[in-house]
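Per chain, numbering begins at 1; letters A, B, ... match sequence-line order. Heavy atoms only: backbone and side chains are in, while hydrogens, waters and symmetry mates are out.
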Amino acid sequence: MSNSDFLLQNLNIAQRQAVSAPLAHTLVLAGAGSGKTRVLIQRMAWLIHTERQSPFQLLAVTFTNKAAKEMQRRLQQVLNIKPQALWVGTFHGIAHRLLRRHYAQAHLPAGFQILDNQEQYNMVRRVLKHTNLDEKEWPPRQVQSHINQQKEGGFYPEQVETGNGYHSQTLLKLYHHYHSLCQQSGLLDFADLLLRAYLLWRDNPELLAQYQQRFAHVLVDEFQDINPMQYRWLKLLAQHNRVFAVGDDDQSIYGWRGADLAHIHRFQQDFQPNQLVKLEQNYRSTGMILAAANGLIAQNRQRLGKNLWTQAGEGAPIYLYQAYNDLDEAGFIADKLQACATQYGGYQHCAVLYRVNAQSRVLEEALLKRNIPYRIYGGLRFYERAEIKDALAYLRLLAHVDDDLAYERVVNFPPRGIGKTTVETVRAHARRHGCSLWQATTALLGNAGLSARAGQALAKFQQLIQNLKQRDLTLDELAQTVIEQTGLIAYYQKKRGEKEEMRLENLAELVRACHQFSAQYEEDLPLLSAFLTHTVLEAGEAGQGTVQGVQLMTLHIAKGLEFPLVFLCGLEENLFPHQLALAELNGLEEERRLCYVGITRAMRQLYLSYAQARCLHGMESHSRPSRFISEIPIGVLEPVHLSSAHQTVYRNHNP
DNA sequence: GTACGACCACTTTTT
DNA sequence: GTGGTCGTAC
């Protein structure tokens with residue numbers, strides 16, 4: 001058997017066509033459960049083994065770290081190459097790698113750090129305070145998303161074309177201010193990573209040529225999620241090389257954060273792909289489930305057109321439960337789970353999916369009452385916890401003292417007698433002289449512009465940071481020293497509550513994480529800087545790791561996963577489709593795709609449910625069944641009728 | 001510096 | 001119903 005045959009074995013015709021496509025731009029439309037990742041991996045193997053391309057010539061881009069890791073794992077399995085040898089990563093991860101390598105050409109300080117969402121938000125609020133604007137009138141979230149939109153469109157403040165209106169002028173002023181603060185502190189937000197990496201190439205043609213030559217093949221996963229800047233970056237890189245793009249227009253559910261379906265269409269125009277391959281054979285779900293999914297998604301107008309089919313049987317119908325209220329719905333789901341989870345391989349193979357996180361509470365209570373183990377996804381992740389952020393802020397200050405955000409966070413935490421007035425004096429000085437808070441501190445301490453007590457406290461803080469900076473320690477020793485010397489540990493020990501115990505435990509975990517990180521670290525970037533980047537760019541999953549139970553999550557989180565038994569609940573107008581989404585352009589179609597994603601998660605059995613009444617925002621509200629229910633073909637859905645005795649139980653529960 | 005009560009707003013979330 | 005922010009009182 002030749003090399004090529006081996007690689008095409010066990011693939012269907014469409015999959016083979018994709019894997020063995022000629023060396024040219026290729027677009028693969030891969031339906032849910034159609035073996036998308038497999039095709040990507042096999043394609044890379046094909047390029048290396050059959051087309052004799054060097055692994056170094058491949059660049060594989062994903063959107064999430066999870067997808068990138070999975071790809072690396074499977075590549076290692078199939079190709080038996082060290083994962084480090086391959087450029088596989090997220091758009092942001094790769095952009096970051098480029099910027100670190102060529103920081104000077106990108107006009108960045110060597111030790112630049114990255115802001116996560118939360119910190120970007122804090123930065124925006126700081127800017128609003130500086131400019132004396134009211135948060136009510138200028139909601140930080142909106143300002144933040146405006147800034148991100150500008151960056152995604154490729155505009156730094158200097159390039160923004162603004163109207164004469166007060167509103168747009170103010171937004172521009174805020175953006176300017178935000179941008180200069182970030183520059184001063186050596187901070188990049190997520191959108192910056194992409195924009196800077198793009199500008200780096202655009203403005204340095206020799207460098208671009210080098211990378212264009214190197215990456216003869218670029219493979220992109222989840223192409224439907226690409227945002228404008230990512231697309232431009234890709235287009236710049238791929239002028240002469242080949243792009244193998246894989247995606248599913250029907251699973252585009254991130255429009256609200258800049259992803260634009262139009263890029264799939266633009267790809268067809270700009271790149272003129274040699275082949276358009278559709279993977280429509282589904283290996284995951286029953287015929288009934290696919291019929292529901294196909295019927296629903298057929299209602300969308302903006303489609304490239306795809307129809308999933310399966311060789312598996314029809315399977316059971318999809319059951320629809322009309323609940324009296326949200327408690328009834330949760331009770332029904334919990335009862336069903338208790339009765340038949342074993343049939344589907346146990347609780348951990350069952351999932352309950354919902355539109356908004358708020359729906360999880362009632363479900364959680366119902367499961368708790370029956371002692372059914374469960375795991376809720378979403379919520380605070382490890383590196384986002386307050387105590388971890390505090391410790392990291394100290395570390396960031398050690399890496400780069402001019403980091404104003406880090407300074408503000410810890411200057412008086414734990415409390416050390418540096419009050420609002422003192423900090424305000426420092427801020428005012430910094431603003432006046434256009435310097436960082438740290439520099440302002442040094443200046444103020446030199447010229448005695450502070451009260452004796454304030455000066456002492458501030459000097460002590462400066463001493464603390466300087467002492468820590470001078471230590472020559474390993475990363476985990478440094479972390480340990482920081483949480484001890486800064487008083488973080490003492491602060492929580494003093495309180496002695498259950499929460500504080502947890503926080504102390506988390507801080508200890510941080511030290512362990514530092515240890516682990518240094519052990520596997522191989523690159524040339526300074527260790528501390530690399531670790532700090534890691535905490536932002538590859539922040540791990542939310543805790544509660546070991547629980548093996550029913551999986552509760554939003555539809556967005558469920559994308560890419562599959563479960564034998566799925567409950568999709570809260571199918572009510574204004575909840576799903578969500579009221580706020582309906583107000584947006586193309587909002588309904590995106591909601592419908594979200595529903596499509598939900599349905600196609602189910603392998604063997606799917607339950608849909610809705611409640612006639614539910615508590616939302618603390619108020620009981622009545623609602624009509626979602627339009628999506630009526631868009632599912634007749635003959636696929638079967639209503640669930642419970643004995644009246646059973647229903648009474650829930651009715652009496654919530655008068 | 002902290003503790004408590006009033007007030008408000010409120011999709012989705014990865015990088 | 002919850003969680004975050006702000007002002008006030010100790």
Side-chain angles (χ1 to χ4, degrees), chain A residues 61-68 89-96 114-121 125 134-136 139-141 144-145 148 151-152 188-195 197 222 225-227 229-230 252-259 326 353-362 364-365 377-381 383-384 386 412-421 457 491 494-495 533-542 553-560 570 574-584 587 590-591 593-595 597-598 614-621:
Chain A
V61 201
T62 63
F63 281 83
T64 66
N65 288 305
K66 204 170 145 197
T90 63
F91 274 102
H92 290 85
I94 286 162
H96 172 253
I114 298 162
L115 289 180
D116 69 13
N117 233 347
Q118 209 181 315
E119 290 162 331
Q120 185 185 32
Y121 179 80
R125 294 191 62 196
D134 187 4
E135 291 196 3
K136 294 241 164 60
R141 287 271 165 236
Q144 183 183 9
S145 83
N148 287 338
K151 287 187 185 175
E152 270 154 26
L188 297 189
D189 58 38
F190 288 127
D192 272 325
L193 287 175
L194 301 174
L195 179 46
E222 306 275 16
D225 287 337
I226 209 162
N227 79 21
M229 199 30 74
Q230 289 162 338
S252 163
I253 56 174
Y254 285 111
W256 50 274
R257 73 180 194 215
D326 47 351
L353 311 180
Y354 37 82
R355 177 68 239 269
V356 304
N357 285 118
Q359 288 171 260
S360 69
R361 213 194 85 249
V362 186
E364 191 178 3
E365 279 164 14
Y377 287 78
L380 267 197
R381 289 183 299 179
Y383 290 115
E384 286 169 5
N412 196 37
F413 191 85
R416 49 173 71 87
I418 302 173
K420 276 187 201 122
T421 349
Y491 177 80
K494 210 174 59 196
K495 300 223 164 181
T533 303
H534 163 81
T535 63
V536 181
L537 225 46
E538 292 150 56
E541 284 245 337
M553 63 187 91
T554 62
L555 288 155
H556 284 91
I557 296 180
K559 191 169 107 170
N574 295 329
L575 178 62
F576 192 25
H578 198 280
Q579 203 172 356
L580 293 175
L582 287 174
E584 258 153 49
E590 181 149 318
E591 292 288 297
R593 291 194 290 268
L594 194 53
C595 189
V597 166
R614 107 168 31 242
C615 281
L616 265 178
H617 314 316
M619 284 199 348
E620 166 119 313
S621 60

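When rounded to the nearest whole Å, the span between CG of A:Asn117 and C1' of B:dT14 equals 8 Å. Note: CG (A:Leu575) to C1' (B:dT11) measures 10 Å, nearest angstrom.
Listed by chain and residue number, A:Lys36, A:Lys559 satisfy the salt bridge (Lys or Arg N to Asp or Glu O under 4.0 Å) test with A:Glu222 (two or more places apart in sequence, or in another chain). With sequence neighbours excluded, the residues that form a salt bridge (Lys or Arg N to Asp or Glu O under 4.0 Å) with A:Arg614 are A:Glu329, A:Glu572. Checked against salt bridge (Lys or Arg N to Asp or Glu O under 4.0 Å), A:Arg416 has no partners two or more places apart in sequence or in another chain. Annotation: ring pair (Phe, Tyr, Trp, His ring centres under 6.0 Å) contacts of A:His556 (sequence neighbours excluded): A:Tyr254, A:Trp256.
Inspection of the A:Gln230 and A:Asp225 side chains reveals no N or O donor paired with an N or O acceptor under 3.5 Å.
Comparing the P positions of C:dG4 and B:dT13 gives an interatomic distance of 16 Å, to the nearest angstrom.
In the set B:dT11, B:dT15, B:dT13, B:dT11 carries the atom at the smallest distance from any side-chain atom of A:Arg355. Listed nucleotides: B:dT2, B:dT15, B:dT11. Nearest to the side chain of A:Tyr491: B:dT2.
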- B/S/- along nucleotides 1-10 of chain C (protein heavy atoms under 4.0 Å) is BS--SS----
Find every protein N or O atom lying less than 3.5 Å from an N or O atom of nucleotides 7-9 of chain B, and list the pairs.
none

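Across all strands, A:Gly417 comes closer than 4.0 Å only to sugar-phosphate atoms, never to a base (heavy-atom distances). Heavy atoms of A:Asn412 sit under 4.0 angstrom from primed sugar atoms or phosphate atoms, though from no base atom. A:His556 comes within 4.0 angstrom of a nucleotide base, judged by non-hydrogen atoms across all strands.
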